[in-house]
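I have placed the structure first, in the form of structure tokens, so that the comments after it can refer back to it.
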Amino acid sequence: MTETADVVELAKRRGYFFQASGAYGGVSGFYTFGPQGAALKRNIEDAWRDRFTIQEGNLEVDAPTVAPEPVFEASGHLDGFDDMLVECPECGESHRADHIIEDNTDIEEAESYPIPEVEELIAEFELVCPSCGAGLAGQAVTAFNLMFETSIGPGSSQPGYLRPETAQGIFVEFPQLKEYARNQLPFGVTQIGRAYRNEISPRKSLLRVREFTQAELELFVDPEEDEPDLDAVRDVTAPLYSAEMQADPDAATTEWTIGEAVDEGVIGDEWVAYYLGVATEWYDRVGVDMERFRFRQHLPGELAHYAADCWDAEAEVDGDWIELAGFAYRSDYDLSKHAEHSDDDFTLFKQYDEAKTVERATVDPDMSYLGPEFGGAAAGIAEALQSLAERDRTAFDGDSVSVEVDGEAYEIPTEHVNFSVDEVTESGEHITPHVVEPSFGVDRALYTVVHHAFSEDEVEGEHRNYLSLEPEVAPTFVGVFPLTDQDGLPERAREVAQELRDAGLSVTYDDSGSIGRRYRRQDEVGTPFCVTLDGDPQGTATIRERDSTAQTRVDLDDLVETLTALRTGDATFDDY
RNA sequence: GCGCCGUUGGUCCAGUGGUAGGACAGUGGCUUCCCAAGCCACUAGCCCGGGUUCAAUUCCCGGACGGCGCACCA
């Protein structure tokens, strides 16, 4: 049995995750997190929030999952998602119809053509299947859009879409968020939430699903001034698999400290380097096996056109490397896009250290002359005069000045233009911040953590499966058992369980079956510690550690303190 | 979306043209002072629709879901 088969079976049986809507036949690409999985997911999210929001001093928001169409026109998702497929009648292969057209004709941007036209083009140019050469004329071209569409409001309402990534909810609200950040860069905004993609073919358990959870940080920086605190992660060792190494069949993933990688130019951007360092420590903290982890740099062809440098965090699961997170320097692409498409202001005013005095050429056209003289063209002429003044002051030297508006030339007497050159004080300028985006898949992190925690060993000749989850993220922290159901032990154990719950620990109580069976049950769901009450007259109990199965005896009075220290990481089991 | 294979208690499997059996898990009881022990009892299942048939979980067709391959993964 493969590791995945074991893990999926355990996940289903023990309430980590399973396919949703099973009672109705199930639906592809949707999963329910059971009681254990929901708690594990929440703990992973809390660990992320602690590191990427709280420790970094960032701002967390919670934006809607539905947004109106213009948002995704601006973001590019509407076009980017609308791909066209044509299937070969001979060999059955599906190909991108727009790519076939672009590759075989002079037409560019075939993607922007409507489907009937694309079908006509295929017939007109007698295009053939790239795989087998059969003619594609007459074959239906089908569109698929990976965004879930919905309609907002009743009747002939406006179209909306479920967000395909949480990031847009941050970018769209930038004009408000910058006010909250008091117009000071850098500032970071985080969001943990669901995103939706109507995948053609959901596969591989939790890895390709139609509804998933992302944890994203959008850090807004001044590209000219802001720098990360590289010293904080300079000594972190990270396994790097650069584009260069990927191109060389003899090269393999290599351990670098973040400091070396920046100094040697392996990581191109310092902000990206900083977050690779932070992410390395975070993945280790939540239980990803660092022996099965790497950062892979995007190859030049993979890079989005606006991205300077991009790395993915990847983990090895059952022989495959799966993508866990992406770290991209996105320049001002996202904010500029929204600035173009919306009427709002996506810039920040950046004050100069010292105000500058500059000469500026301005015009103040006499509209009472321009209006009667040029009619409807007057406003356009005034605008053209101003832009001409900024470009070329000498144009105003003569008795008249000529401008062109909408292809029409106009001659305006200089006396009506009121041209002047003034000294003005500039105290700053408007800049569009650049964006650094670490984007994490929460479900994939959970899937990887469970996989990497999955362990097998032998205890006293008996085979054992257990999840070696980190205490910080384990869904259940401690199991409390009476050794037997006699001598009032169950009552005493219940009291202890309640006491531990009062202390904020996640506790399960179990008195069924033999003690060994109860230990194994907790091992399998990954509970790191079990407390067993026995007949000891001294008022002690045993704490048993999951991975080693070792036990130690602790005074009941010290139990809460001891377990709390184990939970927070202030102590390890070996200390007792 | 295409092709191949599959779908039987909670889980993992066996089996059959006359509606099913095991293992593990679970529940109750006996036993039990530390690692899946034993004994007794119990709970619980043939993915959905259509067709063939006296009769379909079984055969045929379609669908849903899953695995793998192809395509796709902005």
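First the proteins, then the strands, lettered A, B, ... as listed; each starts at 1.
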On the nucleotide B/C34, are OP1 or OP2 found under 4.0 Å from the side-chain N or O atoms that A/Arg553 carries?
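No, no such contact exists.
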Does a side-chain N or O from A/Lys204 land closer than 4.0 Å to OP1 or OP2 of B/G66, or not?
no
Distance between [atom1] atoms of [N] and [M] (Å, rounded):
N	M	atom1	result
B/U8	B/C33	C1'	43 Å
B/C4	B/C61	P	11 Å
B/C65	B/G26	P	33 Å
B/G6	B/G10	P	23 Å
B/C5	B/C24	C1'	27 Å
B/U16	B/G69	P	31 Å
B/U57	B/G50	P	12 Å
B/U32	B/C68	C1'	49 Å

Could you check whether [X] pairs with [Y] (Lys NZ or Arg NE/NH1/NH2 to Asp/Glu carboxylate O, under 4.0 Å)?
X	Y	result
A/Arg517	A/Asp510	no
A/Arg492	A/Asp487	no
A/Arg520	A/Glu462	no

To the nearest angstrom, how far is [X] atom [atom1] from [N] atom [atom2]?
X	N	atom1	atom2	result
A/Leu207	B/C68	CG	C1'	15 Å
A/Phe212	B/C73	CZ	C1'	11 Å
A/Glu199	B/G66	CD	C1'	17 Å

Report which part of the nucleic acid [X] touches: base, sugar-phosphate, or nothing (heavy-atom distance under 4.0 Å, all strands).
X	result
A/Ser28	sugar-phosphate
A/Ser512	sugar-phosphate
A/Asp485	base
A/Asp536	nothing
A/Ser205	sugar-phosphate

Quick one: does NZ or CZ of A/Arg294 land under 6.0 Å from the six-membered ring centre of A/Trp321, within 45 degrees of the ring axis?
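Checked: cation-pi criterion met.
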Using a 6.0 Å distance limit plus a 45 degree cone around the ring axis, check whether A/Arg546 lies over the aromatic ring of A/Tyr466.
no
Say whether, by atom type as modelled, one donor and one acceptor occur between the side chain of A/Gln19 and the main chain of A/Gly26 under 3.5 angstrom.
no
If you find the nucleotide of RNA chain B closest to A/Asn465 and the one closest to A/Tyr31, which residue's nucleotide is nearer the 5' end?
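Mapping each residue to its closest nucleotide by heavy atoms, the 5'-most match is A/Asn465.
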List the atom of [X], the atom of [Y], and the distance in Å for their closest heavy-atom pair.
X	Y	result
A/Val478	A/Val531	CG2-CG2, 3.8 Å
A/Thr190	A/Phe52	CG2-O, 3.7 Å
A/Leu40	A/Tyr16	CD2-CE2, 3.7 Å

Hey, is the side chain of [X] pairing donor to acceptor with the base of [N] inside 3.5 Å?
X	N	value
A/Gln551	B/C34	yes
A/Tyr24	B/C48	no
A/Arg517	B/A36	no
A/Arg544	B/C35	yes
A/Arg13	B/G26	no

Stems where RNA chain B pairs, listed by first number, each of three or more Watson-Crick or G-U pairs under 3.5 Å:
B:1-7 with B:64-70, B:10-13 with B:21-24, B:26-30 with B:38-42, B:47-51 with B:59-63
If you check every side-chain atom of [X], which of [options] has the closest atom?
X	options	answer
A/Thr542	B/C34, B/C65, B/A37	B/C34
A/Thr484	B/C2, B/C34, B/C33	B/C33
A/Arg208	B/C72, B/U27, B/C68	B/C72
A/Leu483	B/C33, B/C35, B/C65	B/C33
A/Gln19	B/G1, B/C65, B/U27	B/C65

